[in-house]
Protein chains: 2
Amino acid sequence: MKHKGHTNPPGRQKIIEALTRLMWAKDFHSVTTAEIAELAGVTEGLIYKYFKSKKELLYQVLNDLFAQFNQAVLDRMADKASAIEKLEVIIRSSIEYYTANRVFARILLLEVRTSPDYFRSEAYARVKAYARTILEVIQMGIQQGEIKANTDPLILRKVILGTIEHACLGEIIFTRDLDVQAITYSISTIIFNGAKA
Amino acid sequence: MKHKGHTNPPGRQKIIEALTRLMWAKDFHSVTTAEIAELAGVTEGLIYKYFKSKKELLYQVLNDLFAQFNQAVLDRMADKASAIEKLEVIIRSSIEYYTANRVFARILLLEVRTSPDYFRSEAYARVKAYARTILEVIQMGIQQGEIKANTDPLILRKVILGTIEHACLGEIIFTRDLDVQAITYSISTIIFNGAKA
DNA sequence: GGATGTGAGTAAGTATTACTCACCAACATT
DNA sequence: AATGTTGGTGAGTAATACTTACTCACATCC
């Protein structure tokens with residue numbers, strides 16, 4: 001019998017937690033279903049009751065984690081009036097959250113992107129919605145005259161997201177610590193004021 | 001007997017070519033050693049004569065491809081005098097090369113980064129050397145007064161590399177085409193002149 | 001010109017892995 | 001009392017990455 005996905009039984013939650021914990025130590029591919037089942041205290045078969053595949057399990061984990069991340073950023077953005085302030089909050093919050101939740105960051109920025117299935121998943125739909133929010137902030141900034149009128153909003157978003165991701169990747173992979181305030185300031189300065197003298 | 005790696009016999013080259021060709025159609029993990037061997041016209045055992053593991057094979061493929069990429073960019077940078085011009089060449093060449101060689105880009109930006117072994121590989125050493133070259137260009141630009149003196153060179157590099165990668169990722173994954181000239185111009189404008197009005 | 005070693009390649013394994021399927025035991029609902 | 005649904009088990013299975021023992025061809029050296 002197949003699970004319909006309208007409940008959240010303890011076994012299911014244990015499986016999600018087990019994968020998340022195991023991914024502190026190694027990458028997704030190196031984690032086996034046997035390990036997950038053992039740590040969760042269930043049988044391997046149960047994993048496939050709740051998730052179509054090992055990958056699908058990963059996407060669900062990401063989906064849960066991203067929902068939290070998204071909410072955290074939106075909350076912090078709420079009280080900022082100007083578009084540039086909002087974008088600064090996005091930069092600072094992302095870096096903060098990524099470094100504080102390395103497993104989440106690794107899943108989002110590295111593990112899922114390799115396979116095409118991800119881009120049809122619920123998790124990716126959430127990521128897309130988040131990206132749209134950023135785009136709207138940029139467009140608002142242009143309308144209000146805060147951001148140069150000739151700026152391509154899609155490209156500015158790429159600059160912002162790409163920079164954030166690249167800035168965190170090194171620290172995530174090598175588990176180095178970084179000074180969130182200093183990096184946020186440096187990034188904002190370059191993106192908003194330009195590098196040219 | 002183990003292979004010592006001082007020659008490049010036909011079998012070895014066939015294996016590398018086979019993996020590269022197979023990765024046009026699917027991601028690395030979905031490509032099996034059986035498939036590689038069949039397309040190369042050799043036995044599975046031979047793969048493990050020349051490569052310690054399937055991953056090691058991937059790193060070697062990347063190593064070869066990155067060497068070409070690196071050389072192509074350096075050649076194009078050679079005749080540019082100013083630092084900003086050099087950086088523009090880097091941006092344009094990267095985007096051009098990534099979109100023209102999607103398999104290379106996918107390996108470099110997506111497939112290898114998931115496992116820690118990569119960061120100890122020869123291929124990664126090459127990538128690091130390339131990154132150092134970019135850093136030197138930025139430092140030169142600061143010394144010559146082209147780039148703002150208070151710019152953090154490491155952060156500017158992150159902005160440039162992060163933006164390039166993010167800009168290409170979407171197009172690589174969804175195999176969309178992009179206007180290299182237009183995107184290069186937009187990116188350069190934002191990074192060098194800033195987004196703020 | 002036999003002995004010795006070495007590089008290129010094969011063939012037949014093996015342990016592990018992701019995934020399946022039939023089944024069980026409660027507990028609702030009809 | 002019959003029927004279905006949910007949460008969970010346990011014994012499988014095909015396929016996969018990797019290993020080991022083995023050829024064959026060809027240099028080189030005394």
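The side chain of Lys49(A) places no N or O atom within less than 4.0 Å of a non-bridging phosphate oxygen (OP1 or OP2) of dG8(D).
Counting to the nearest Å, the C1' atom of dA18(C) and the NZ atom of Lys52(A) are 16 Å from each other. In this structure, Gln13(B) places its CD atom 13 Å from P of dA8(C), rounding to the nearest Å. If you measure from atom CD of Glu38(A) to atom C1' of dT17(C), you get 15 Å, rounded to the nearest angstrom. As rounded to whole Å, 9 Å separates atom P of dT10(C) from atom CD1 of Ile15(B). The separation between Tyr50(B) atom OH and dT6(C) atom P is 16 Å, rounded to whole Å. Taking atom CG of residue Leu57(B) and atom P of nucleotide dC18(D), one finds them 10 Å apart after rounding to whole Å. Going from atom CD1 of Ile47(B) over to atom C1' of dT20(D) covers 16 Å, rounded to whole Å. The separation between His29(B) atom NE2 and dA17(D) atom P is 7 Å, rounded to whole Å.
Lys54(B) and His29(B) get closest at one heavy-atom pair: NZ-O, 3.6 Å.
Residues Leu19(B) and Leu39(B) share a hydrophobic cluster, clusters being chains of Ile/Leu/Val/Met/Phe/Trp/Tyr side chains in contact below 4.5 Å.
Checking dG9(C), dT9(D), dC19(C) against every side-chain atom of Glu44(A), the shortest atom distance belongs to dC19(C). Side-chain atoms of Lys54(B) lie closest to dC18(D) of the nucleotides dC19(C), dC18(D), dG8(D). The side chain of Thr33(A) approaches dA18(C) more closely than any other nucleotide in the set dG8(D), dA18(C), dA17(D). With distances taken from any side-chain atom of Leu46(B) to the nucleotides dT9(D), dG7(D), dG9(C), the minimum falls on dG9(C). Closest to the side chain of Tyr48(A), out of dA11(C), dA18(C), dG7(D), is dA18(C).
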*side-chain hydrogen bond (donor to acceptor under 3.5 Å, both in side chains) between Asp64(A) and Gln68(A): does it pass, once the steps are laid out?*
CA-CA 7 Å; Asp64(A) 290 5; Gln68(A) 292 171 39; over 6 Å; no
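Cation-pi contact between Lys52(A) and Tyr59(A): absent, since separation from the ring centre below 6.0 Å together with deviation from the ring axis within 45° is not met.
Gly11(B) comes within contact range of the sugar-phosphate backbone alone, with a heavy-atom separation under 4.0 Å but no base atom that close. Thr32(A) comes within 4.0 angstrom of sugar-phosphate atoms only, judged by non-hydrogen atoms across all strands, and of no base. Note on Thr43(A): a base of the nucleic acid sits closer than 4.0 angstrom, heavy atoms only.
Residue Lys14(A) qualifies as open at atom NZ: its count of foreign heavy atoms under 6.0 Å is 12 or below.
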